[in-house]
2 protein chains.
Amino acid sequence: MRRSKKSREQIIRELMPVFRGDSFSGASLAELAAAVGLGKASLYQKFPDGKAQMGAEVLDQAGRWMKTEILIPLEQPGDPIQKFNAMLSAVDAFYEGGQMSCLLNTFSLGEAGKLYRDTLADSIRRWREGLAGLARRAGLTPKNATEWAEEVLLNIQGALVVSRAEGDPSVFQRTLKRLHRRGIA
Amino acid sequence: MRRSKKSREQIIRELMPVFRGDSFSGASLAELAAAVGLGKASLYQKFPDGKAQMGAEVLDQAGRWMKTEILIPLEQPGDPIQKFNAMLSAVDAFYEGGQMSCLLNTFSLGEAGKLYRDTLADSIRRWREGLAGLARRAGLTPKNATEWAEEVLLNIQGALVVSRAEGDPSVFQRTLKRLHRRGIA
DNA sequence: GTCTATAATAGGATAGAC
DNA sequence: GTCTATCCTATTATAGAC
């Protein structure tokens with residue numbers, strides 16, 4: 001037990017839901033500080049470049065989550081269907097059953113969009129390619145694999161939007177079940 | 001020519017892109033006023049309850065657009081496929097080829113979500129039911145019709161998110177083409 | 001390392017002149 | 001009806017004490 005204080009990773013984990021609950025512009029320093037349990041000045045000690053840096057590091061951490069929980073598992077040898085279902089479970093957990101927004105959505109609005117666009121586009125590209133590779137290994141033609149991968153992505157992102165707008169995550173749940181049922185085709 | 005000044009409808013039309021370019025919290029009075037070409041004080045003359053009222057009226061106008069451009073056409077007698085394709089064209093125009101966000105997305109974030117939830121949920125419900133009704137008339141079972149309608153909605157909403165995050169509307173274009181190709185099934 | 005205090009700016013909203 | 005000027009609060013950010 002070397003440290004009783006919070007790790008940076010833990011701090012970033014606590015910042016994330018603030019950025020996911022509203023847009024980047026909607027996330028205030030007051031909320032961010034409260035979420036971490038520190039004063040605003042203390043946050044600036046850890047993130048000298050302020051909100052933009054917090055956003056960048058939150059996005060980085062989400063990218064690392066995607067890599068370990070999505071991309072690497074998808075690439076492992078083994079039954080593609082099983083890999084796909086594991087991804088759906090990871091997605092369900094990360095979005096808390098459809099109750100949490102995606103940073104791809106909240107960080108692409110307004111001025112923040114310009115600031116983080118490259119990172120966002122890169123995340124989408126890697127997710128899409130990870131899925132497409134899986135689908136090719138499952139026997140789909142390259143063309144069909146690409147199309148299937150994109151559809152999976154759009155269904156997840158669309159379900160997150162609609163769930164939030166309805167204030168009811170059941171669409172998200174139905175969508176994950178449907179993707180599971182459809183499989184890789 | 002009774003009036004040379006702007007109609008209220010025109011003003012609301014000019015407010016809309018500000019709310020669609022960022023979240024409700026991200027849309028500032030300065031931007032809103034600039035979009036209309038008036039001072040902030042003049043906007044308050046027209047919208048005494050401020051930003052919340054502007055948001056509500058923008059949402060109302062979007063709801064009327066949906067009714068005239070989506071729901072009523074979907075209900076008209078005639079070839080369901082043709083109705084569906086007309087809807088895809090209207091959607092393409094309204095979202096400007098994938099370059100404009102949906103208010104269902106931007107108004108459901110943060111505090112605004114609580115404020116507008118009922119309206120948003122109602123719009124989604126009507127859109128979904130309009131599509132499901134069309135699918136039933138096209139011969140799908142009620143169960144399949146409901147599922148197809150939801151998938152169409154999620155693909156559109158997902159494509160808008162991904163297009164914006166990538167800074168490239170081509171996903172949206174591909175998605176509309178794919179929905180057209182798939183038809184009602 | 002965290003706090004209080006404070007600066008500087010932007011945001012939402014109103015008063016009152018024209 | 002629109003404007004300038006202004007108010008109040010929130011917001012981002014920093015200085016300096018502990």
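What's counted below: heavy atoms across the whole structure, side chains too, no hydrogens, waters or symmetry copies.
For the pair Ser42(A) and dC3(C), the criterion of a side-chain N or O lying under 4.0 Å from OP1 or OP2 is met.
Residue Lys40(B) contributes atom NZ, which lies 8 Å from atom P of dG11(C) at whole-angstrom precision. Atoms CG (Leu29(B)) and P (dC8(D)) sit 18 Å apart, rounded to a whole Å. For the pair Ile11(B) CD1 and dG1(D) C1', the computed distance is 11 Å after rounding to whole Å. Counting to the nearest Å, the P atom of dA13(D) and the CG atom of Leu32(A) are 11 Å from each other. Note: OH (Tyr44(A)) to C1' (dA13(D)) measures 5 Å, nearest angstrom. Taking atom CE of Met54(B) as the reference point, atom P of dG12(C) lies 9 Å away to the nearest angstrom. Rounded to an integer number of Å, the gap from Phe24(A) CZ to dT11(D) P is 14 Å. Across the protein-nucleic acid pair, Phe47(B) atom CZ and dG12(C) atom C1' stand 15 Å apart, rounded to whole Å.
Among dG12(C), dT4(C), dA15(C), the nucleotide with an atom closest to any side-chain atom of Ser28(B) is dG12(C). Among the nucleotides dT2(D), dG12(C), dA13(D), the one closest to the side chain of Gln45(B) is dT2(D). For Lys51(A), whose side chain is taken as the heavy atoms from C-beta onward, the closest listed nucleotide among dT14(D), dT12(D), dG12(C) is dT12(D).
For the residue pair Ser28(A) / Glu31(A), a side-chain donor-acceptor distance below 3.5 Å is found, with atom types taken as modelled. Side-chain atoms of Asn144(B) and Arg136(B) include no donor-acceptor pair closer than 3.5 Å. With no hydrogens or angles considered, no side-chain donor-acceptor pair links Ser101(A) and Arg20(A) at under 3.5 Å.
Remark on DNA chain D: of its neighbouring residues Leu38(B) and Asp49(A), the 5'-side contact belongs to Leu38(B), judged by nearest-heavy-atom nucleotide.
A cation-pi contact links Arg8(B) to Phe47(B), judged by a cut-off of 6.0 Å to the six-membered ring centre and 45° from its axis.
Nucleic acid contact for Lys46(B): sugar-phosphate only, since backbone atoms but no base atoms lie under 4.0 Å from a heavy atom of the residue. Across all strands, Ala27(B) comes closer than 4.0 Å only to sugar-phosphate atoms, never to a base (heavy-atom distances).
Remark: the backbone N or O of Val36(B) is paired with a side-chain donor or acceptor of Lys6(B) at under 3.5 angstrom.
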